[in-house]
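All chains are named by letter (A, B, ...) in the order of the sequence lines, taking the proteins before the strands, and each is independently numbered beginning at 1. The structure displayed is predicted, hence computed values, not measured ones.
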Amino acid sequence: MCGDLRAEDAGNDVVLMGWVNRRRDHGNLIFLDVRDRSGITQIVLDIEKSPEAHAKAEAARSEYVVAVKGSVRKRAAGLENPNMSTGDVEVVAHELLLLNEAKTPPFSPAEEAIANEEVRLKYRYLDLRRVEMQKNFALRSRVAMAIRNYLVAEGFLEIETPFMTRSTPEGARDYLVPSRVHGGHFYALPQSPQIFKQILMISGFDKYFQIARCFRDEDLRADRQPEFTQIDLETTFPQQELIFGFVEGFLKAAFREAGITLEPPFVQMTYDDAIKNYGIDKPDMRLPAMVSLTDELTSELRETLKIEQALPVLGFVIPSVGELSGTARKSLLSEIRGGFGDSGLDLLDVARLKTNETFAPLAAAIETKASLGADDLLIVVTPKLGTPAMWNYDPQWIYKRVGALRLTLAAKFADKHKRFEQTGTAADFKFLWVTDFPMYEWDEEHKVWNAAHHPFTSPHEEDIKAGKLTNDKGAVRALAYDIVLNGTELGSGSIRIHRQDVQAEIFRSLGMTDEEAHERFGFFLDALEYGTPPHGGIALGLDRIVMILAGATSLREVIAFPKTAKAIDLMVDAPTPVSEQQLKELSLRVATKS
RNA sequence: GGGGACGUAGCUCAGUUGGUUAGAGCGCUGCCCUGUCACGGCAGAGGUCGCGGGUUCGAGCCCCGUCGUCCCCGCCA
């Protein structure tokens, strides 16, 4: 193929087929760069050697599909191109066929500067011809294969589950599929294979996995598409560590495909520690953690500085920001203060404290605690007098708020601290297990407790025994865990409930009557009563893994035909209205047209 | 649902305080060129300034609305 030829191929006759990447016309001598998936080779068309081929090359244009018959020649000294893998050779054409012409493309796949996404997505077939995209999808294919190979070798069975299934009223919004045969009834596309994989455990398939498509009708982000691919697995009789081991194993195999050698086991951290140290349940470990300055801020100091006594004071460092000018610093601080709004938070200006005799020791203590380096930016957030209302139902609120600020500033100064740049080694990838997630989550708007993970997650045995399911829902820990990479949640799983009575109790604790539970999950509750083994598993986003490995910041770079932020496919132009006839067959009527 | 950025030639973008005929680079078309590889030279074509309305003697620029793309919050058990 086009990318394969090397100096030792000189003298061989070859046939190459591909696209015209570029044409350089010197009159009686024409160069064509011919491109296929493997790379690019320079073709030489000399009017003296082959006037017919030369004449056709004159007519060739960018993106024409051509076939070349010719012989490989080592390039003369000084004519090599060190920027091309095939740069030591060229193919002297004896014969050239223009297999297909091409309209002038709206943008050139050969071009360095890339077009805007709207154009790229509309002409996705041209965008996908670009070298970067070809690389991304080759990587994706290898990664998926490595994961399959690993899991199969570990004794997992890949089993498919339905796309057309039943709507369950909790969680994300469902994509619905109307039934023609049963007018007014709908299938739902699965948000995940969750219930099916648990039933496969009940069915005796020890170890199940699937690289499965999932569908969620929610608003999108750079790392969220309406349909996405999960590496979904479940085993019987697991401890958490067993699941962690399988995941670490397949990730190691997957990353090897990108030339990265991971060294499991990965760091583990409880949810509570993640919140305390990073203010988020998916810490980005490439940056320093937050530091608690609660001890440094004694009650007298708080008194004089007008800081609330009972609440934490948190600081963090953004490394290597460098010297900020007076105005730059001022506008940064006031921008942050503006972001706080009336939330009751304020910044402590440590630089100013230093200039004051009374507070200089405090400033010094803070800088030491935060391990402040010469070029680092230090931010300290304090609660003003008066406890904000949110504190009453979310005592982690300040941590989360400061954690979010840490990420915003880290993104803002990414060019300075360079912690987000890839160097091509395992050090670029900070993996982390976050464990012991809370079982319940308080919904302030509806004043109810919801399942934080999903209602099939098993709580810690001791929390059940301590009666916390009824007395102290906020303190119940779940046997639920996330795997996090560089601040992105890659996947999430849990040890499941395998006893019908416990499952029923959880449903009741979520405010569901037995009747409601039975209506929604009756088939599943039934299944639990026929000898259910303890089981557990996890699901990881394949798209996100490949995205991070490819050094991309959007899933659209690693999904061949993605949708826009408004869930539109610009190439095929979907979704569309359908005919009255189709609607009638499905017993549907459209109430409003937009 | 909310906030922000962007929308000018096929692509990437510039366009000053509202003022003559809206520019550049790349691409495209034609001609020339036997060692280029982001080839080079000469000539040329190409514009509903996203769309609709308003202010004004005059709008790419100001105002209102609307559409699209991207990012974020909410949302994503």
Side-chain angles (χ1 to χ4, degrees), chain A residues 21-35 40-49 54 58 61-63 73 75-84 86-87 90 92 102-123 126-127 168-174 191-192 194-195 214-226 228 339 341 404 407-408 411 437-441 443-445 448-457 478 480 489 492 494 506-507 510 512 520-521 541 553-554 556 563-566 568 570 594:
Chain A
N21 200 55
R22 280 207 175 81
R23 184 180 69 119
R24 289 178 295 282
D25 186 346
H26 291 244
N28 290 334
L29 185 71
I30 296 174
F31 298 99
L32 291 182
D33 290 342
V34 176
R35 181 194 70 231
I40 295 174
T41 293
Q42 170 167 288
I43 312 295
V44 187
L45 294 112
D46 190 329
I47 197 164
E48 287 173 10
K49 297 233 164 89
H54 178 274
E58 274 189 329
R61 293 292 181 271
S62 289
E63 302 307 311
R73 178 169 75 187
R75 294 201 199 178
L79 296 179
E80 303 93 346
N81 185 345
N83 301 322
M84 292 169 76
T86 60
E90 59 195 3
V92 182
K103 283 166 71 174
T104 301
F107 62 94
S108 166
E111 207 65 48
E112 307 268 312
I114 52 173
N116 72 56
E117 284 221 60
E118 216 172 329
V119 182
R120 289 177 59 199
L121 289 174
K122 174 159 186 199
Y123 300 94
L126 297 179
D127 189 41
T168 50
E170 278 180 277
R173 278 181 274 260
D174 287 322
Q191 296 171 23
S192 80
Q194 183 61 38
I195 289 188
C214 305
F215 306 86
R216 293 179 192 174
D217 187 5
E218 293 295 340
D219 289 343
L220 308 179
R221 290 285 187 285
D223 63 353
R224 274 165 30 192
Q225 281 276 310
F228 58 99
L407 291 179
T408 308
F437 271 75
M439 183 75 192
Y440 301 96
E441 208 168 54
D443 179 345
E444 174 65 11
E445 196 190 335
V448 289
W449 288 98
N450 287 325
H453 185 58
H454 55 59
F456 317 114
T457 301
E489 179 198 319
S492 146
S494 62
I506 295 293
F507 282 143
L510 288 166
M512 235 184 276
R520 292 177 189 186
F521 302 109
T553 53
S554 162
R556 293 183 299 276
K563 293 179 179 59
T564 68
K566 287 210 173 131
I568 304 242
L570 290 175
S594 47

Residues which pass side-chain hydrogen bond (donor to acceptor under 3.5 Å, both in side chains) with A:Arg61, listed by chain and number, not counting sequence neighbours: none
For a quick check under 3.5 Å, do A:Gln42 and A:Arg24 share a side-chain donor-acceptor pair by atom type? yes
Any strand: nucleotide that pairs with B:A5 via Watson-Crick or wobble, under 3.5 Å: B:U69
Here the distance between atom C1' of B:C75 and atom CD of A:Gln191, to the nearest Å, is 12 Å
Taking NZ, NE, NH1 and NH2 as the nitrogens, is one of them in A:Arg22 or A:Glu63 under 4.0 Å from a carboxylate oxygen of the other? no
Output the rounded distance in Å from CG (A:Asn21) to C1' (B:G27). 14 Å
Does B:U69 have OP1 or OP2 sitting under 4.0 Å from an N or O in the side chain of A:Thr564? yes
So does A:Val34 get a backbone contact from the side chain of A:Thr41, meaning a donor-acceptor N/O pair under 3.5 Å? no
Rounding to an integer number of Å, can you tell me how far A:Leu126 CG sits from B:G27 C1'? 14 Å
Length of the CD-P vector between A:Gln194 and B:C76, whole Å: 17 Å
Heavy atoms under 4.0 Å, any strand shown: does A:Asp46 hit a base, just sugar-phosphate, or nothing? base
In terms of relative ring orientation, are A:Phe521 and A:Phe507 parallel, tilted or perpendicular, with 30° and 60° separating the classes? parallel
Whole-Å C1' distance, B:C42 and B:C33: 11 Å
Do A:Phe107 and A:Asp127 come within less than 4.5 Å of each other through their side chains, counting heavy atoms only? yes
Nearest-Å distance once atom P is located in both B:G30 and B:U36: 25 Å
Taking the same atom, C1', in B:C61 and in B:G46, what whole-Å distance lies between them? 24 Å
Taking for each residue the nucleotide of RNA chain B bearing the nearest heavy atom, is the 5' side occupied by A:Thr104 or by A:Ala76? A:Thr104
Set out, line by line, the N/O atom pairs under 3.5 Å between protein and nucleotides 11-14 of chain B.
| unit_1 | atom_1 | unit_2 | atom_2 | d |
| --- | --- | --- | --- | --- |
| B:C11 | O4' | A:Pro106 | O | 3.2 |
| B:U12 | OP1 | A:Asn116 | N | 2.6 |
| B:U12 | OP1 | A:Asn116 | ND2 | 3.0 |

If pairing means Watson-Crick or G-U wobble with both distances under 3.5 Å, then the partner of B:U21 is none
Is A:Ser108 touching bases, backbone alone, or none of the nucleic acid, heavy atoms closer than 4.0 Å? nothing
Any strand, both distances under 3.5 Å, Watson-Crick or G-U wobble: B:C26 pairs with B:G10
What is the distance, to the nearest angstrom, from the CG atom on A:Leu29 to the P atom on B:C33? 13 Å
Heavy atoms only, 4.0 Å cut-off, all strands: where does A:Ala452 land among base, sugar-phosphate and nothing? sugar-phosphate
Heavy-atom closest pair, residues A:Leu510 and A:Ala451: CD2-N, 3.4 Å
At under 4.0 Å between heavy atoms, what does A:Arg35 touch on the DNA or RNA strands: base, sugar-phosphate, or nothing? nothing
For nucleotides B:C13 and B:G47, find the distance between their C1' atoms and express it as a whole number of Å. 15 Å
With no hydrogens and no angle check, is any side-chain donor or acceptor of A:Arg23 less than 3.5 Å from a backbone partner on A:Ser62? no
Tell me: CD of A:Gln225 to P of B:U69, nearest whole Å? 13 Å
Would the distance check show the side chain of A:Arg556 and the main-chain N or O of A:Thr564 forming a donor-acceptor pair, the cut-off being under 3.5 Å? no
Between the protein and nucleotides 72-74 of chain B, which nitrogen or oxygen pairs are less than 3.5 angstrom apart?
| unit_1 | atom_1 | unit_2 | atom_2 | d |
| --- | --- | --- | --- | --- |
| B:C72 | OP2 | A:Ala222 | N | 3.3 |
| B:C73 | OP2 | A:Arg221 | NE | 2.9 |
| B:G74 | N7 | A:Arg221 | NH2 | 2.8 |
| B:G74 | O6 | A:Arg221 | NH1 | 3.0 |
| B:G74 | O6 | A:Arg221 | NH2 | 3.3 |
| B:G74 | N1 | A:Asp219 | OD2 | 2.6 |
| B:G74 | N2 | A:Asp219 | OD2 | 3.1 |

Determine the interatomic distance between P on B:G50 and the same-named atom on B:C11; round to the nearest Å. 13 Å
Between A:Glu80 and A:Gly78 (side chain of the first, backbone of the second, donor and acceptor by atom type, cut-off under 3.5 Å), is there such a pair? yes
Whether A:Asp25 side chain and A:Gly27 backbone form a donor-acceptor pair below 3.5 Å: yes
Here the distance between atom P of B:U69 and atom OH of A:Tyr123, to the nearest Å, is 16 Å
Using atom C1' of each nucleotide, how far apart are B:U12 and B:C28 to the nearest Å? 15 Å
Find the distance A:Lys122:NZ to B:G10:P and express it as a whole number of Å. 12 Å
Taking the same atom, C1', in B:G65 and in B:U55, what whole-Å distance lies between them? 15 Å
Taking only residues two or more places apart in sequence, or in another chain, which ones meet A:Ser492 in a side-chain hydrogen bond (donor to acceptor under 3.5 Å, both in side chains)? A:His453, A:Asp482
Can you tell me the pairing partner of B:A59 across any strand shown, Watson-Crick or G-U wobble, with both distances under 3.5 angstrom? none
Determine the interatomic distance between P on B:G53 and the same-named atom on B:G60; round to the nearest Å. 14 Å
Going 5' to 3' along nucleotides 36-45 of chain B, which nucleotides have protein heavy atoms under 4.0 Å from the base (write B), which only from the sugar-phosphate (write S), and which from neither (write -)? BBSB------
Under the 3.5 angstrom rule, does the side chain of A:Arg216 hit a backbone N or O of A:Gln191 as a donor-acceptor pair? yes
Report the residues that fulfil ring pair (Phe, Tyr, Trp, His ring centres under 6.0 Å) with A:Phe215, sequence neighbours left out, ordered by chain and then residue number. A:Phe163
